[in-house]
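Below is one structure, written out as structure tokens, with a few remarks after it.
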Amino acid sequence: MALLAAKLLMFLSVISGKPGSAAALDNCVFLGEEEKNSLYEDGDVVVGGLFPLHYSPVSSIVFVHGIFLCIYGVSRGLRWMQTMTFAIKEINQRSDLLPQIKLGFHIRDSCNDIPVSLRAALLLVNGQPESVSGDESPGKHNGSNLGCAAINRTVSSVIIGDAASGVSMALLQSLGSFHIPLVSYFASCSCLSNQKEFPTFMRTMPSDTFQVRALARLVSYFSWTWVGVIGVESDYARFAIQLFLQESVQYGVCAAYTYFYPVVLSQHALDELLDVIQMSSSKVIINFSSESEMQRILREVQRRNISGLQWIASEAWATAKSLWEKSADLLMGTLGFAIRRAAVIPGLKQHLTCLSPSHIHESAFLAEFWEETFKCRLNGSVNSHSHGVGSDLDRPLCEGTEDLSDVYSPYSDVTQLRVSYNVYKAVYLVAHALQDMSNCKVGKGPFSHGTCADPKSFKPWQLIHYMKRANFSALGEKINFDQNGDPIAYYDLLNWQKRPDGSLHLVKVGFYDASMLTGRSLVINDSAIQWPAFRSVCSDSCPPGSRIVRRKGEPICCYDCVPCAEGEVSNMTDSLECLRCSEDTWPNNERNLCIPKTIEYLSYHEFMGILLCVASLLGACLSISIIATFYTYKDTALVRANNMELSFLLLVFLVVCFLVGLLFIGKPSDWLCRIRYPAFGISFALCISCLLAKTAVVLMAFRATLPGSWLIKYLFTCLKVGFWCVLGYIGILACMCFVMAFLARKLPDNFNEARFITFSMLIFFAVWVTFIPVYVSTAGKYTVAVHIFAVLASAFGLLFCIFAPKCYILMLKPEKNSKKHIMQR
């Protein structure tokens, strides 16, 4: 505790920059065990750097003699570190950028761990300790008296780092009070865009807000509506998954599950994660993690022999080629968004590979990399790092003929310069901010009273002022930042494909550009993608001709498909509703298209049309013949006794009924369609009304004086109303007619016309009751034929049942056509 308090006091005294703070101490004392594993070069302005040069798979970093030790080396991190030194040396050689200022660097290992990173950051902002006497042995600065001027001269006023979002947040919370600018090259958490909480933070890495939008658009583009979302238990994954769940709803994408696994993946944690993956029907998995966690997951997936998964990589591991070595079959077809790639950074390849013996011996990081790559030990090596596997002292000495071009290493691989390019841009951001500071004119400066800052002796908060306003070009790309300190987002969509020799080929199959309109921001070349075999949906897509019906209580991606109703269509997959066809169109068999209605009609030229036409004309002619006959015998007793006037009216209306059938034959027209149904209804209503009147007259003549005649008078009154309202419903009139005829069944036999009316009504009912189901079940011209048949059958029934017996007496039995015969019972 006392050691921590002493460090904090020293930190405050150096950073606060209060007048006389240096003079208050005769000597600056370095407390604690000094860690020599750093890379340092002096300059007028020393830029600090934090890179994950090592990592440890366990939660507790090895702590030996007061020093944190990480176990496994990361070659990519070493390339990022070397890119920073390359960029600084490149700037120092330029005459157009900072010609009067020399940049230096002070780089330490963050180990991708918060405690290690905090300690390294404190060492950066406190300066690089130097021995007063040259004979002081390394590592023995415990309590050494050092020159304060030398200490202050090497303080890093800006830090480029760290790679992890969680580490960067911890650094900002510790250094933010002192306004130390932090420029990250790989921290993407959207939480870091909060300028109120992190005002000194900037980055050359796009925010996860844009990556999440791109991922949501990607899964929607391929109709993957049922996806699993997993992530390491960290701020980076937590914020990213939360944003993805919010964004994906807009595209109809559902999360089959979300699962956070710990940074330390024990066997128990792996079993729980893999159980979730195996039990789900989703085959698309989005994983927000780093390379190290993904390695453990893939190892367990391989052990369980799980296949058919489509991995979607977050940018943290979208280009991690080391995963391919042992899991090629599992990762083939993987898709992921990677940050913008620099085709080439001129001179970087040579800087990485042309390592001189002096550089290797001076840098513990480079010495360790050299010895691990070639499995040998340098003579007089400064590498004191232990990898926890045996003793490095047992290795043979390096021969001096080793060449990096003879072996493959992620360190020297410059085909995917993405994070390295971010590091390069971060260095140039600091350089251009210093250049803008140098260009300041006294009296017109941005600070109080128009003052300017001294580029060789400035406060950290003065540098961040210029960094926020930086606008420059790097390798032909315009670099600028928004109000949150984030760059404009651009991602390459990469597909992991296998070359014939089995090696990994990262193929660019599209891109996402946040500066473009929403509908055009994502571009994908489907034909260039190599896929694994998989399906990932909760419900199959509803084809055209059907619509979606949501399942109650389930995600929106789970639904049933219901065919469109009669007269409706849907021409899209997964349609939410069906559209009704217009009046002159109807659905096709698949109900996915409205087609013009087929004009089908009963023609005069076809057999059925000719037959019905002849039947209509025959009925009309028979009716006219009966009219003529009745007119000829109008003075006879039979005609007069059967209500001659109503008989003539009934025959005329029957002629009309027979001729109405002709209106349904032939090509229909607008006026024909308008008149045929009213003509049919009116003519039949008049016919039935005449029959009702005839029956009522008979009843009035024979039963009006009988007991109970009040019932007859009541019915007759109703019928008068019905008669004058001829547009009344035909069925009601027919029923009334049948009742009247039934009541008149016991009249004298020779006069009993009601009996024939009863038979005609029975035929009428039989025809029309049969007509209804037949009419509904037929279609096209056969509907018309059924309709005409019903009209003709009804009319012929009335004609024959009522008038055939009378014509028989008039024509063949004239002796019965007398008043005496009619009045007989």
Side-chain angles (χ1 to χ4, degrees), residues 10-25 28 42-49 88 91-92 94-106 121 124-128 147-160 171-172 174-183 195-204 425-473 479-486:
M10 176 181 170
F11 178 73
L12 292 172
S13 66
V14 174
I15 298 304
S16 61
K18 293 181 180 179
S21 60
L25 295 174
C28 292
D42 201 5
D44 297 320
V45 177
V46 175
V47 181
I88 288 177
I91 292 169
N92 287 336
R94 291 178 57 169
S95 59
D96 60 331
L97 185 62
L98 299 180
Q100 306 298 324
I101 298 176
K102 180 188 176 184
L103 295 180
F105 52 80
H106 185 184
L124 292 178
V125 298
N126 275 289
Q128 171 76 4
C148 291
I151 294 292
N152 287 332
R153 182 171 54 83
T154 56
V155 167
S156 296
S157 299
V158 58
I159 297 176
I160 294 177
L171 294 175
L172 288 166
S174 300
L175 305 180
S177 302
F178 309 104
H179 307 291
I180 305 293
L182 191 71
V183 186
Q195 285 293 292
K196 291 184 179 179
E197 188 175 358
F198 307 115
T200 60
F201 179 75
M202 292 188 70
R203 54 183 164 189
T204 53
K425 289 186 288 187
V427 174
Y428 268 85
L429 169 61
V430 175
H432 280 278
L434 289 171
Q435 181 64 54
D436 293 341
M437 186 184 294
S438 301
N439 296 336
C440 179
K441 295 181 180 179
V442 178
K444 297 182 179 181
F447 308 116
S448 59
H449 307 295
T451 58
C452 298
D454 183 0
K456 294 185 179 180
S457 179
F458 57 86
K459 299 295 188 293
W461 59 267
Q462 294 174 319
L463 179 62
I464 193 65
H465 170 84
Y466 287 99
M467 291 173 62
K468 294 284 187 182
R469 293 159 178 78
N471 193 341
F472 59 96
S473 296
I479 310 297
N480 45 51
F481 303 87
D482 61 17
Q483 68 274 13
N484 297 322
D486 297 330

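The chain is numbered in sequence order, starting from 1.
Listed here is the closest heavy atom pair of Ser156 and His106: OG-CB, 3.9 Å. Closest of all the heavy-atom pairs between Met437 and Pro455 is SD-CA, 3.7 Å. In terms of heavy-atom proximity, Thr451 sits nearest to Cys440 at O-SG, 4.5 Å. Pairing each heavy atom of Leu175 with each of Ala121, the nearest pair is CD1-CB, 4.1 Å. In terms of heavy-atom proximity, Asp42 sits nearest to Val46 at OD1-CG2, 4.1 Å. For the pair Ser157 and Pro181, the tightest heavy-atom approach, listed with the atom from each and the gap, is O-CD, 3.0 Å.
Residues passing the ring-ring contact (aromatic ring centres under 6.0 Å, His included) test with Phe198: none are found, sequence neighbours excluded.
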Any chance you could lay out the side chain to side chain contact (heavy atoms under 4.5 Å, CB included) test for Leu103 and Leu434, step after step, and finish with the verdict? CA-CA 10 Å; Leu103 295 180; Leu434 289 171; 3.7 Å; yes

Apply side chain to side chain contact (heavy atoms under 4.5 Å, CB included) to residues Thr204 and Ile479 and explain how you reach the verdict. CA-CA 9 Å; Thr204 53; Ile479 310 297; 5.8 Å; no

Evaluate the criterion side chain to side chain contact (heavy atoms under 4.5 Å, CB included) for residue pair Ile180 and Thr200; output intermediate values, then yes/no. CA-CA 7 Å; Ile180 305 293; Thr200 60; over 6 Å; no

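For the atom pair Leu171 CG and Leu182 CG, the distance stands at 6.0 Å (nearest 0.5 Å). In this structure, Phe472 CZ and His432 NE2 are separated by 5.5 Å, a value rounded to the nearest 0.5 Å. Annotation: the span from Asn480 atom CG to Leu429 atom CG amounts to 11.5 Å, rounded to 0.5 Å.
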Listing, residues 463-470 side-chain donor-acceptor contacts under 3.5 Å, not counting sequence neighbours, or none:
residue: His465; atom: ND1; partner: Arg469; partner atom: NH1; Å: 3.2
residue: Lys468; atom: NZ; partner: Gln195; partner atom: OE1; Å: 2.3
residue: Lys468; atom: NZ; partner: Pro199; partner atom: O; Å: 3.3
residue: Lys468; atom: NZ; partner: Phe201; partner atom: O; Å: 3.4
residue: Arg469; atom: NH1; partner: His465; partner atom: O; Å: 2.9

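Here the side chains of Val427 and Ile160 are in contact, with some heavy-atom distance below 4.5 Å.
Formation of a donor-acceptor pair under 3.5 Å by the Asn484 side chain with backbone atoms of Asp486 is not found in this model.
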